[in-house]
Asks: 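Would you mind keeping the following structure in view while I ask a few things?
The figures here come from the full heavy-atom set of this structure, side chains too, leaving out hydrogens, waters and symmetry mates. Please read all numbers here as calculations on a predicted model, not as lab measurements.
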Amino acid sequence: MRDLTLRCGTLSWIPETVVEPNRVICDFSDAAIVKKWSADAPIVLSHDNTGMLLTADKKAKYPQASMAISDKDWSGFQDCVVEMENLGDKPQMLVFRARSNDDNGQRSDVHETIPKGKYEMRFPVAGLKKTKQDAITKIYLMTLNVPEDGCKIRVTKLYLEPKRAL
C-alpha cells in the first residue's frame with residue numbers, strides 16, 4: 001500500500017524517494033563466511049559453492065552452529081529472513097536463536113519445521129522478545145531432534161528487511 005493524494009481533481013501517487021536496502025548478515029555464497037561459524041558435534045559445517053551446509057550424520061537432540069556478529073543493532077528492521085534448502089528426505093525442525101549482551105538470559109528462539117526442498121524462514125525481529133534488538137552479539141542455527149539417519153540443510157543467505165512505510 002502507498003499513500004495516494006488527491007491533487008487538482010486527479011488521484012496521484014508520489015513514490016518514496018529513499019528505499020532502505022536489506023542488511024545482509026551472512027551471504028553464504030562466500031566460503032569465508034562459513035569459517036566464521038562454529039558447530040557442536042554431530043553438526044559438521046562445510047561449503048558447497050552455493051551455501052553453508054549443516055550436516056549431521058546421526059541422531060541428536062539439539063546440535064547447533066553459531067557465530068558472533070558485528071552488526072549488533074537490529075532494532076530498525078522489520079523481519080529476519082533465512083534462505084535455506086532441506087536436502088534431507090524428511091522435514092527437519094530448525095531453530096534460529098539470537099542472544100544479546102553475551103547473556104543467556106537475553107536470548108530468544110524461533111522454531112520452524114523445514115520441509116524437503118527450498119524454504120524461506122521469515123519472522124519479525126520484534127518477535128525476539130527476550131533479546132535486546134540493539135545489542136545482539138551472537139546468532140545460532142540449531143537443528144532439533146535430528147532423526148537416526150541425520151539431516152542436511154543448505155543455508156544460502158541470512159538478512160534483515162527494513163521497516164517500510166505503507
Asks: Any heavy-atom pair between the side chains of R99 and N104 that's under 4.5 Å?
Replies: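 Sidechains of R99 and N104: in contact.
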Asks: Please check if atom NZ in K116 has more than 12 non-hydrogen atoms from other residues, nucleotides or ligands closer than 6.0 Å.
Replies: yes
Asks: Just so I know, are the side chains of F96 and E112 near enough to count as touching, which here means a heavy-atom distance under 4.5 Å?
Replies: no
Asks: Quick check: do T50 and T156 have side-chain heavy atoms less than 4.5 Å from each other?
Replies: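 Result yes, sub-4.5 Å side-chain heavy-atom pair found.
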Asks: Got a second to check how far E85's CD is from R154's CZ, nearest 0.5 Å?
Replies: 5.0 Å
Asks: Kindly determine whether I43 and L141 satisfy side chain to side chain contact (heavy atoms under 4.5 Å, CB included), including the steps that lead there.
Replies: CA-CA 11 Å; I43 292 282; L141 291 172; over 6 Å; no
Asks: Give a yes or no on whether W37 and I136 share a hydrophobic cluster (residues Ile, Leu, Val, Met, Phe, Trp, Tyr; joining criterion: side-chain heavy atoms under 4.5 Å apart).
Replies: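 Yes, it is one cluster - the side chains of W37 and I136 are joined through contacts under 4.5 Å.
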Asks: From M121 CE over to D79 CG, what is the distance, rounded to the nearest 0.5 angstrom?
Replies: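 The distance works out to 12.0 Å.
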Asks: To the nearest 0.5 angstrom, please state how far the CZ atom of R107 sits from the CZ atom of R97.
Replies: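 The CZ atom of R97 is 4.0 Å from CZ of R107, to the nearest 0.5 Å.
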Asks: Among the clusters formed by ILVMFWY side chains lying less than 4.5 Å apart, do Y119 and Y159 turn up in the same one?
Replies: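 They do not share one cluster, since no chain of ILVMFWY contacts under 4.5 Å joins Y119 to Y159.
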Asks: In Å, rounded to the nearest 0.5 Å, how long is the span from NZ of K58 to CD of E148?
Replies: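 Nearest 0.5 Å value for the NZ-CD distance: 11.0 Å.
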Asks: Using the rule that Ile, Leu, Val, Met, Phe, Trp and Tyr join whenever any side-chain heavy atoms are under 4.5 Å apart, tell me whether F28 and I69 fall into a single cluster.
Replies: yes
Asks: Mind listing the closest non-hydrogen atom pair of P63 and A41 along with its distance?
Replies: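 The pair with the smallest heavy-atom distance is CB-O, 4.2 Å.
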Asks: May I ask you to check whether over 12 heavy atoms, not counting those of D89, lie within 6.0 Å of atom CG?
Replies: no
Asks: Is any side-chain heavy atom of K72 closer than 4.5 Å to a side-chain heavy atom of T137?
Replies: yes
Asks: Do T113 and M93 have side-chain heavy atoms sitting under 4.5 Å apart?
Replies: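 Yes - at least one pair of side-chain heavy atoms lies under 4.5 Å apart.
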Asks: Work out which heavy atom in S75 is nearest to a heavy atom in K163; give both atom names and the distance.
Replies: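 For S75 and K163, the tightest heavy-atom pair comes out as O-NZ, 3.5 Å.
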Asks: With side chains defined as the heavy atoms from C-beta onward, is the minimum distance between L53 and L87 less than 4.5 Å?
Replies: yes
Asks: For V82 and E120, run side chain to side chain contact (heavy atoms under 4.5 Å, CB included): C-alpha distance rounded to whole Å, both residues' side-chain angles, the deciding distance at 0.1 Å, then the answer.
Replies: CA-CA 6 Å; V82 184; E120 184 177 86; over 6 Å; no
Asks: Tell me, do P115 and N86 make a side-chain contact under 4.5 Å, heavy atoms counted?
Replies: no
Asks: Hey, does S38 have a side-chain heavy atom less than 4.5 Å from the side chain of S66?
Replies: yes
Asks: State plainly whether one hydrophobic cluster holds both I153 and L45, where clusters connect Ile, Leu, Val, Met, Phe, Trp and Tyr through side-chain heavy atoms under 4.5 angstrom apart.
Replies: yes
Asks: Would the distance check show the side chain of N22 and the main-chain N or O of V24 forming a donor-acceptor pair, the cut-off being under 3.5 Å?
Replies: no
Asks: Using modelled atom types only, decide if a donor and an acceptor are shared between the side chain of Q133 and the backbone of L128 within a distance under 3.5 Å.
Replies: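 Side chain of Q133 to backbone of L128, a donor-acceptor pair under 3.5 Å: yes, one is there.
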Asks: Could you give me the CA-CA distance, side-chain angles and deciding distance for D40 and Y62, then say whether side chain to side chain contact (heavy atoms under 4.5 Å, CB included) is met?
Replies: CA-CA 9 Å; D40 296 343; Y62 215 50; over 6 Å; no
Asks: Set out, in order, the CA-CA distance, both residues' side-chain angles and the distance that settles side chain to side chain contact (heavy atoms under 4.5 Å, CB included) for K130 and Q106, then state yes or no.
Replies: CA-CA 5 Å; K130 293 181 183 178; Q106 296 179 11; 5.7 Å; no
Asks: Please say whether more than 12 non-hydrogen atoms of neighbouring residues, nucleotides or ligands are located less than 6.0 Å from NZ in K152.
Replies: no
Asks: Have a look at L94 and tell me which of H111, M84, M142 forms a side-chain contact (heavy atoms from CB on, under 4.5 Å) with it.
Replies: M84
Asks: Considering all heavy atoms of both residues, which atom of H47 and which atom of D30 are nearest to each other, and what is their separation?
Replies: NE2-C, 3.9 Å
Asks: For D71 and W74, indicate whether the former's side chain and the latter's backbone hold a donor-acceptor pair under 3.5 Å.
Replies: no
Asks: Can any side-chain N or O of T131 pair as donor or acceptor with the backbone N or O of S108 at less than 3.5 Å?
Replies: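 Yes; judged by distance alone, with no hydrogens or angles, the pair exists.
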Asks: Would you compute the distance between atom NZ of K59 and atom CG of D149 and round it to the nearest 0.5 angstrom?
Replies: 11.0 Å
Asks: When you group the ILVMFWY residues by side-chain heavy-atom contacts below 4.5 Å and let the links chain together, are L160 and V110 in the same group?
Replies: yes
Asks: Which atoms form the tightest heavy-atom contact between K132 and S100, and what is the distance?
Replies: N-OG, 3.0 Å
